[in-house]
Amino acid sequence: MSKATERAAPFLRQADDFAVSVLEGLSRPKKSLPCRFFYDAQGSALFEDITRQPEYYPTRVEVGILTANAMQMLEGALGETVLVEFGSGSSIKTEILLGHMRRLHAYVPIDISESALIDARERLAARFSGLNIELLLADFSHPIELPPELAPRPKLGFFPGSTIGNFVPAEATRLLRAMRETLSPRGKLIIGVDLKKDVRQLVAAYDDANGVTAAFNLNLLARINHELDGTFDLQAFRHAATYEPFEGRIEMYLVSVKDQDVWVAGRKFHFRAAETIHTESAYKYTIEEFHLIAQAAGWTPLRVWKDELNLFSVHELVA
Ligand code: AVI
């Protein structure tokens, strides 16, 4: 077992968690599946592909904001800081910050995918020679104990991508509180948050013309088929994305195109024609709405950076 795996062992129950969550979610009167299970190898590749679709503005716009403002974002963090990234994945956006950090003590990417962590370390080590990279295999939704030698140093958290939007506001608050705990004392967080905007633009971002988001959504059923002995016919479900203005969120669904039975892990589930499985919510915030959530989690919001079209925001929060 690697050093990273050892540290994270208590958090790594993905396999059991998947079976229990799927059976529980499909047994509800309104069927649902948690979006955290989108990201098997195929799902992660499809997500990367989504970020390259013309309609999916968040990645492109956030990269632009980070590139234009990285120096400012890092003001006051140029000392012996520890950069902690939550759900680091491929660490692509981190390179923008790392390019501007001269006296970084260590970079700590946190992710539940050991292969993503190892790949990212390889790429970053090649580009930033001498960079101290401490992989942390863990679920960032709980407070995480950093290695003791790093804990007392000033810490800069990084949580890009508007992943915070995939949590309902109460969970988002809990998550931000856990991050504050992980980063304390002397913590600061740079976090990407997608903004409310024209409904057509929002829906298009989650229902691209090339059908990549549809394939990403349907891959969840393929994953259930492979890992839980499921019998989902992927042709018998279609992808749907809607914007709920009252909740301020995109909702993604898989819609049964006919009356059908599906078996999962030896249990039978019935789907009526047009019955839905809710697979993801993506909350969109105004600056003020996000400030309230951050404050409820004990953070003090400071600066905010946006693009010219007000599509996306990057916030600076201090503990
Ligand atoms: C990872 N997360 C921020 C993406 C989002 O925009 O909510 C996931 C996604 N789902 C469909 N497209 C992208």
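The chain is numbered in sequence order, starting from 1. Whatever order the structure lists ligands and atoms in, that order sets their numbers, starting from 1.
Ion pairing between Arg36 and Asp139 fails under the 4.0 Å rule for side-chain N and carboxylate O.
Under 4.0 angstrom from ligand 1, the non-hydrogen atoms of Ser162 all belong to its backbone. Of the heavy atoms in Asp194, none comes closer than 4.0 Å to ligand 1.
With Asn69 contributing its side chain and Ile65 its backbone, the two residues share a donor-acceptor pair below 3.5 Å. A donor-acceptor distance shorter than 3.5 angstrom exists from the side chain of Gln260 to the backbone of Ala236, with no hydrogens or angles considered. Lys30 places no side-chain N or O within donor-acceptor distance of the main-chain N or O of Arg28, the cut-off being under 3.5 Å.
With Tyr56, Phe38, Tyr39, Tyr206 as candidates, the residue nearest to atom 1 (C) of ligand 1 on a non-hydrogen basis is Tyr39. Between the choices Val212, Thr279, Asn166, Asn217, the shortest heavy-atom distance to atom 7 (O) of ligand 1 belongs to Asn166.
Side chains of Ser91 and Tyr107: a donor on one and an acceptor on the other come within 3.5 Å.
Residue contact check for ligand 1: Gly165 places no non-hydrogen atom closer than 4.0 Å to it. For Pro58, the closest heavy-atom approach to ligand 1 does not fall below 4.0 Å.
Note on ring orientation: taking the six-membered ring where Trp is involved, the planes of Phe18 and Phe37 are tilted (angle from 30° to 60°).
For ligand 1 and Ala282, the ligand atoms under 4.0 Å from any heavy atom of the residue are 7 (O). Residue Phe216 has at least one heavy-atom neighbour below 4.0 Å for each of these atoms of ligand 1: 10 (N), 11 (C). Against a heavy-atom cut-off of under 4.0 Å, Gly161 is close to the following atoms of ligand 1: 3 (C).
Between Glu280 and ligand 1, a contact under 3.5 Å exists for at least one N or O pair.
Remark: Lys188 NZ to Thr81 OG1 distance equals 8.5 Å, nearest 0.5 Å.
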